[in-house]
Number of protein chains: 2
Amino acid sequence: MKLSKKSEYGLRALLELTLFYGKATLQRHQIAERQHIPVEFLEQILLALKRAGLLSSRRGMKGGYALIKPPGEITLGQVIRILDGPLAPIGCVSKTAYQKCADCPYAEHAQCPVQHVMGTVRDAIAGILDHYTLDDFACGHHKG
Amino acid sequence: MKLSKKSEYGLRALLELTLFYGKATLQRHQIAERQHIPVEFLEQILLALKRAGLLSSRRGMKGGYALIKPPGEITLGQVIRILDGPLAPIGCVSKTAYQKCADCPYAEHAQCPVQHVMGTVRDAIAGILDHYTLDDFACGHHKG
DNA sequence: GCAATGCCGAGTGAGTTAATCAAGTATCAA
DNA sequence: TTGATACTTGATTAACTCACTCGGCATTGC
């Protein structure tokens with residue numbers, strides 16, 4: 001039930017990029033300084049977000065990173081899935097990356113008590129994170 | 001955001017013990033067989049649950065484990081905290097094991113956006129797991 | 001005493017996390 | 001064209017965690 005440093009840093013980096021959305025690009029070291037993140041680690045995080053289509057980047061002098069989509073269209077759920085993988089506490093209840101349990105003594109679906117509770121937990125987590133956008137995030141509160 | 005095998009096995013073991021609550025004790029190998037759990041691993045799980053005051057045990061021939069408290073008074077939240085640690089996705093929003101973030105650039109409490117969202121996630125998870133008892137678990141559905 | 005069972009501590013191999021490093025390639029300015 | 005700056009890529013690492021595994025000890029019942 002834990003959020004990795006990678007996701008935490010990723011969210012904090014996106015927060016900075018949200019504040020400058022439409023205004024300027026930010027360089028790795030600027031983001032790193034403002035958010036106290038090791039630069040080289042931040043680099044691979046930004047890169048992953050870029051590959052996932054969330055960021056654009058420019059090389060060379062005056063280079064930097066910027067959000068591609070408006071912050072209101074990016075959810076924390078998306079970001080965490082990119083950096084940490086599925087939100088579900090257990091593979092057999094993931095909607096974006098379902099995986100059958102190897103040795104569960106219960107028949108498929110619905111009869112397994114673990115699967116049942118964890119399904120509701122997954123829905124609760126996704127219900128929050130998939131409706132919480134970078135805009136909400138930057139304001140510090142959900143539009144609810 | 002993941003449930004460990006340890007917790008999963010722990011919950012499945014407690015499920016068996018719930019079914020036999022007030023009727024009989026169960027030995028490690030019985031639980032292990034019924035739930036397809038490696039015996040030696042199960043052992044340390046049962047031991048942890050015993051140390052936490054959830055189980056009683058008897059050694060020697062005719063030994064075994066049993067629930068101490070009625071299954072309606074044990075919540076999945078308790079169990080998972082014993083085996084996996086705090087439910088909160090990040091230390092600074094845990095209510096049972098709060099830990100200040102080392103290098104968060106935001107002042108204490110309430111101003112950190114990460115802390116804010118993750119707080120609501122924590123509450124959602126705890127809201128489910130701290131009200132879901134072993135009884136509910138054995139029935140496969142919450143009384144809610 | 002002896003076998004069955006739980007108790008306990010240490011160890012282990014695979015994998016993950018959180019970085020770090022080194023060698024590129026693109027961009028701009030002088 | 002040259003050099004400085006900054007993103008890109010891939011490899012490497014140390015520390016840690018996960019999921020077991022093992023060996024020996026303590027207790028109980030026959």
Side-chain angles (χ1 to χ4, degrees), chain A residues 1-13 17 24-33 35-52 54-68 80 82-86 89-91 101-104, chain B residues 1-13 17 24-33 35-68 80 82-86 89-91 101-103:
Chain A
M1 314 300 235
K2 202 148 144 277
L3 188 77
S4 70
K5 279 289 178 195
K6 196 168 178 180
S7 279
E8 190 201 321
Y9 291 162
L11 291 176
R12 300 223 305 252
L17 289 165
T25 62
L26 288 176
Q27 299 182 338
R28 346 173 269 179
H29 74 267
Q30 295 179 297
I31 300 174
E33 273 166 32
Q35 291 284 339
H36 303 152
I37 304 172
V39 218
E40 299 88 352
F41 192 26
L42 176 61
E43 190 175 81
Q44 44 179 267
I45 294 169
L46 292 172
L47 218 36
L49 294 174
K50 189 200 163 167
R51 287 202 201 96
L54 267 56
L55 304 180
S56 64
S57 63
R58 269 179 80 87
R59 302 209 238 196
M61 286 179 72
K62 311 224 165 159
Y65 297 88
L67 281 181
I68 283 184
I80 295 175
I82 292 165
L83 298 173
D84 263 11
I90 195 168
C101 322
D103 55 2
C104 185
Chain B
M1 315 300 236
K2 203 148 144 275
L3 188 78
S4 70
K5 279 289 178 195
K6 197 168 178 178
S7 280
E8 190 200 321
Y9 291 162
L11 292 176
R12 299 224 306 252
L17 289 165
T25 63
L26 287 176
Q27 299 181 338
R28 342 174 272 179
H29 75 265
Q30 294 179 298
I31 300 174
E33 272 165 33
Q35 290 286 338
H36 302 152
I37 304 172
V39 217
E40 299 89 353
F41 191 26
L42 175 61
E43 188 177 81
Q44 43 178 268
I45 293 169
L46 293 171
L47 216 37
L49 294 174
K50 189 203 161 164
R51 289 203 197 96
L54 266 57
L55 304 181
S56 64
S57 64
R58 271 179 80 87
R59 300 209 240 195
M61 284 179 74
K62 312 226 166 153
Y65 298 87
L67 281 181
I68 284 184
I80 294 175
I82 292 164
L83 298 173
D84 262 10
I90 195 169
C101 322
D103 55 1

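Order of the sequence lines sets the chain letters (A, B, ...), proteins ahead of strands, with each chain counted from 1.
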| query | Mapping A/Leu3 and B/Gly64 to their closest nucleotides on DNA chain C, which lands nearer the 5' end? | reply | B/Gly64
| said: Looking at every non-hydrogen atom in both residues, tell me the closest pair between B/Gln27 and B/Gly63 and how far apart they are. | reply: NE2-O, 3.1 Å
| message | What's the separation between atom NE2 in B/His29 and atom CG in B/Leu42, rounded to the nearest 0.5 Å? | response | 11.5 Å
| task | Nearest whole angstrom, please: distance from the C1' of D/dT8 to the CZ of A/Arg58. | result | 16 Å
| task | Send over the distance from B/Leu83 CG to D/dA19 P, rounded to a whole Å. | result | 12 Å
| task | Give a yes/no on whether any side-chain N or O of B/Tyr9 is located under 4.0 angstrom from OP1 or OP2 of D/dA19. | result | no
| task | Grab the CD1-P distance between A/Ile45 and C/dT20 for me, whole Å please. | result | 12 Å
| Is the number of heavy atoms from other residues, nucleotides or ligands under 6.0 Å of A/Lys2 NZ greater than 12? | no
| task | Starting from the C-alpha separation in whole Å, work towards a yes-or-no answer on side chain to side chain contact (heavy atoms under 4.5 Å, CB included) for B/Arg58 and B/Thr25. | result | CA-CA 9 Å; B/Arg58 271 179 80 87; B/Thr25 63; 5.6 Å; no
| query | From D/dA19, C/dT20, D/dC7, pick the nucleotide closest to the side chain of A/Tyr65? | reply | D/dC7
| Separation of D/dC7 P from A/Leu46 CG (nearest whole Å) | 9 Å
| note | In whole angstroms, the gap separating C1' of D/dA6 from CD of A/Gln30 amounts to 11 Å
| Just to confirm, is there a sub-4.0 Å distance from OP1 or OP2 of C/dC7 to any side-chain nitrogen or oxygen of B/Ser57? | yes
| query | What's the closest nucleotide to the B/Leu47 side chain, out of C/dC8, D/dC7, C/dC28? | reply | C/dC8
| note | Quick note, A/Arg59 side chain, CB onward, closest among C/dG24, D/dT28, C/dT20 is C/dG24
| field | Of the listed nucleotides D/dC20, C/dT5, D/dT28, the one nearest the side chain of B/Gln27 | value | C/dT5
| message | Could you report the tightest heavy-atom contact between B/Leu83 and B/Gly10, atom names first, then the distance? | response | CD1-CA, 3.8 Å
| Quick one: which of D/dT21, C/dG6, D/dG29 gets closest to the side chain of B/Pro38? | D/dT21
| query | With a 3.5 Å cut-off and just heavy-atom distances, do the side chain of A/Gln44 and the base of C/dT20 make a donor-acceptor pair? | reply | yes
| If each of B/Met61 and B/Asp84 is mapped to the nucleotide of DNA chain D with the nearest heavy atom, which maps nearer the 5' terminus, i.e. the 5' end? | B/Asp84
| message | Please report the distance, rounded to the nearest Å, between NZ in A/Lys50 and P in D/dA6. | response | 17 Å
| query | What nucleotide, of D/dT5, D/dT21, C/dT20, holds the atom closest to the side chain of B/Glu40? | reply | D/dT21
| message | Within the 4.5 Å heavy-atom criterion, are A/Ile68 and A/Leu55 side-chain neighbours or not? | response | no
| query | Which whole-number value in Å describes the distance from A/Glu8 CD to C/dT17 P? | reply | 14 Å
| field | Of the listed nucleotides D/dC30, D/dC20, C/dC8, the one nearest the side chain of B/Lys62 | value | D/dC30
| request: Go through D/dC20, C/dA19, D/dA19 for me and flag the one nearest to the A/Lys5 side chain. | output: C/dA19
| query | How many Å lie between CG on A/Leu55 and C1' on D/dT8, as a whole number? | reply | 14 Å
